[in-house]
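Inspection log for the structure reproduced underneath, given as structure tokens.
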Amino acid sequence: IRDRPYTSEILEKGHLINLNIRAKGFKSRLEYVQSIVENLVSNCFKYKSESTKLSLNFEVSRIENDSVEIKIEDNGIGIDLNKNGKFIFKPYQTFTNRQGSNGLGLYLVKRQITELGGTISLESELGEGTKIRIIIPSI
């Protein structure tokens with residue numbers, strides 16, 4: 001996540017970022033994993049609450065069968081899953097009018113994870129933030 005637009009925002013505004021990475025030796029398609037992580041982390045910044053500093057927990061760990069589990073949790077604006085849950089991973093679906101929302105990020109993330117043979121699940125509540133869990137098998 002170095003040299004991305006939100007890197008300076010982390011340093012300047014004092015957001016709380018917790019990284020816990022324990023996945024040494026994991027092998028996958030680097031360009032996909034990088035795109036997945038960048039899309040999801042940038043969403044945390046794009047959809048953060050205007051009234052509080054961002055709190056972001058990012059954890060990567062090895063699990064059974066040499067797979068990796070990625071968990072991303074934030075305290076952002078959240079998504080009303082009762083209203084929008086069936087549209088979360090569809091193309092061109094936006095759930096806010098914030099600048100930079102084009103409805104492609106989660107769609108691309110889901111496609112890339114599926115191509116890697118993985119899974120993604122999402123929990124979210126309006127005003128409470130979002131939790132994402134991804135499982136990607138090692139190749």
Side-chain angles (χ1 to χ4, degrees):
I1 60 176
R2 254 189 329 233
D3 303 325
R4 296 295 177 218
Y6 45 79
T7 304
S8 62
E9 184 176 343
I10 293 169
L11 300 173
E12 291 170 10
K13 302 213 174 156
H15 298 298
L16 176 61
I17 311 297
N18 178 35
L19 299 174
N20 187 356
I21 301 173
R22 301 168 307 206
K24 194 173 185 179
F26 174 72
K27 294 180 182 172
S28 189
R29 291 185 62 183
L30 176 63
E31 67 276 9
Y32 275 19
V33 175
Q34 184 175 2
S35 174
I36 290 163
V37 169
E38 287 181 1
N39 262 304
L40 295 176
V41 169
S42 68
N43 276 356
C44 294
F45 283 89
K46 192 183 301 181
Y47 303 111
K48 67 182 177 59
S49 170
E50 297 297 327
S51 61
T52 60
K53 292 185 184 294
L54 175 65
S55 176
L56 168 64
N57 291 308
F58 182 88
E59 182 177 332
V60 182
S61 56
R62 293 296 287 264
I63 58 174
E64 68 276 345
N65 302 325
D66 280 337
S67 293
V68 72
E69 176 182 54
I70 301 171
K71 293 180 184 177
I72 299 173
E73 181 177 351
D74 70 33
N75 65 337
I77 62 172
I79 301 167
D80 181 349
L81 293 180
N82 291 325
K83 180 179 175 184
N84 300 307
K86 62 186 173 190
F87 305 109
I88 289 293
F89 300 112
K90 303 289 183 198
Y92 306 110
Q93 299 297 311
T94 58
F95 311 110
T96 177
N97 59 359
R98 291 211 173 169
Q99 186 176 7
S101 299
N102 61 20
L104 288 175
L106 288 177
Y107 167 73
L108 292 173
V109 164
K110 171 74 171 172
R111 281 190 52 123
Q112 290 169 329
I113 290 169
T114 300
E115 284 190 39
L116 293 172
T119 60
I120 182 172
S121 61
L122 183 142
E123 297 175 30
S124 190
E125 271 187 59
L126 275 178
E128 299 295 321
T130 301
K131 296 178 185 177
I132 295 174
R133 181 176 184 250
I134 299 166
I135 306 288
I136 300 174
S138 186
I139 56 173

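Positions are given from 1 along the sequence.
- The number of heavy-atom neighbours closer than 6.0 Å to NZ of Lys131, taken from other residues, nucleotides and ligands shown, is 12 or below.
- Annotation: side-chain hydrogen bond (donor to acceptor under 3.5 Å, both in side chains) contacts involving residues 70-86, sequence neighbours excluded, are absent.
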Worksheet item: Step by step, would you call Tyr92 with Leu104 a side chain to side chain contact (heavy atoms under 4.5 Å, CB included)?
Response: CA-CA 6 Å; Tyr92 306 110; Leu104 288 175; 3.7 Å; yes

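- Residues Ile17 and Val41 share a single hydrophobic cluster, defined by chaining ILVMFWY side chains whose heavy atoms lie under 4.5 Å apart.
- Residues Gln93 and Phe95 come closest through the heavy atom pair CB-CZ, 3.8 Å.
- In this structure, Tyr107 and Phe89 approach most closely via the heavy-atom pair CD1-O, 3.3 Å.
- Note on Leu54 and Leu19: same hydrophobic cluster, where clusters join Ile, Leu, Val, Met, Phe, Trp and Tyr whose side-chain heavy atoms are under 4.5 Å apart, directly or indirectly.
- Taking all atoms of both residues into account, the shortest heavy-atom contact from Thr96 to Ser101 is CG2-OG, 3.8 Å.
- Of all heavy-atom pairs between Ser124 and Gly129, the closest is OG-O, 3.0 Å.
- To the nearest 0.5 Å, atoms CD1 (Ile63) and CD1 (Ile135) are separated by 3.5 Å.
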Fill in: CA sep, side-chain torsions, deciding dist, call: Thr130, Tyr47, side chain to side chain contact (heavy atoms under 4.5 Å, CB included)
CA-CA 10 Å; Thr130 301; Tyr47 303 111; over 6 Å; no

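- Distance check: His15 NE2 to Lys48 NZ gives 4.5 Å after rounding to the nearest 0.5 Å.
- A distance-only check finds no donor-acceptor pair linking the side chain of Ser138 to the backbone of Ser67 [under 3.5 Å].
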Fill in: Pair Glu59-Arg22, side chain to side chain contact (heavy atoms under 4.5 Å, CB included): steps then yes or no
CA-CA 8 Å; Glu59 182 177 332; Arg22 301 168 307 206; 3.1 Å; yes

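- Atom CD1 of Ile120 and atom CD1 of Ile88 lie 10.0 Å apart (nearest 0.5 Å).
- Hydrophobic clustering (side-chain heavy atoms under 4.5 Å, transitive across Ile, Leu, Val, Met, Phe, Trp, Tyr) groups Val68 together with Tyr32.
- Note that OG1 of Thr119 and CD1 of Ile113 are 7.5 Å apart. Values are rounded to the nearest 0.5 Å.
- To the nearest 0.5 angstrom, Glu69 atom CD is 4.5 Å from Ser61 atom OG.
- The two residues Asn39 and Ser42 come nearest to each other via the heavy atoms O-OG, 3.0 Å.
- In the hydrophobic cluster analysis, where Ile, Leu, Val, Met, Phe, Trp and Tyr join through side-chain heavy atoms closer than 4.5 angstrom, Val37 is grouped together with Leu106.
- Cluster annotation: Leu40 and Leu81 are assigned to the same hydrophobic cluster (Ile/Leu/Val/Met/Phe/Trp/Tyr, side-chain heavy-atom contacts under 4.5 Å, transitive).
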Worksheet item: Given Phe58 and Ile21, is the side chain to side chain contact (heavy atoms under 4.5 Å, CB included) satisfied, shown in steps?
Response: CA-CA 8 Å; Phe58 182 88; Ile21 301 173; 4.2 Å; yes

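- The structure places OG1 of Thr52 at 11.0 Å from CD1 of Ile77, a figure rounded to the nearest 0.5 Å.
- Listed here is the closest heavy atom pair of Ile36 and Gln112: CG1-OE1, 3.6 Å.
- The backbone N or O of Lys24 lies less than 3.5 Å from a partner atom in the side chain of Arg62, making a donor-acceptor pair.
- Residues that satisfy the side-chain contact (heavy atoms from CB on, under 4.5 Å) test with Ser28, not counting sequence neighbours, are Phe26, Val33, Leu116, Ile136.
- No donor-acceptor pair under 3.5 Å is formed between the side chain of Ser35 and the backbone N or O of Glu31.
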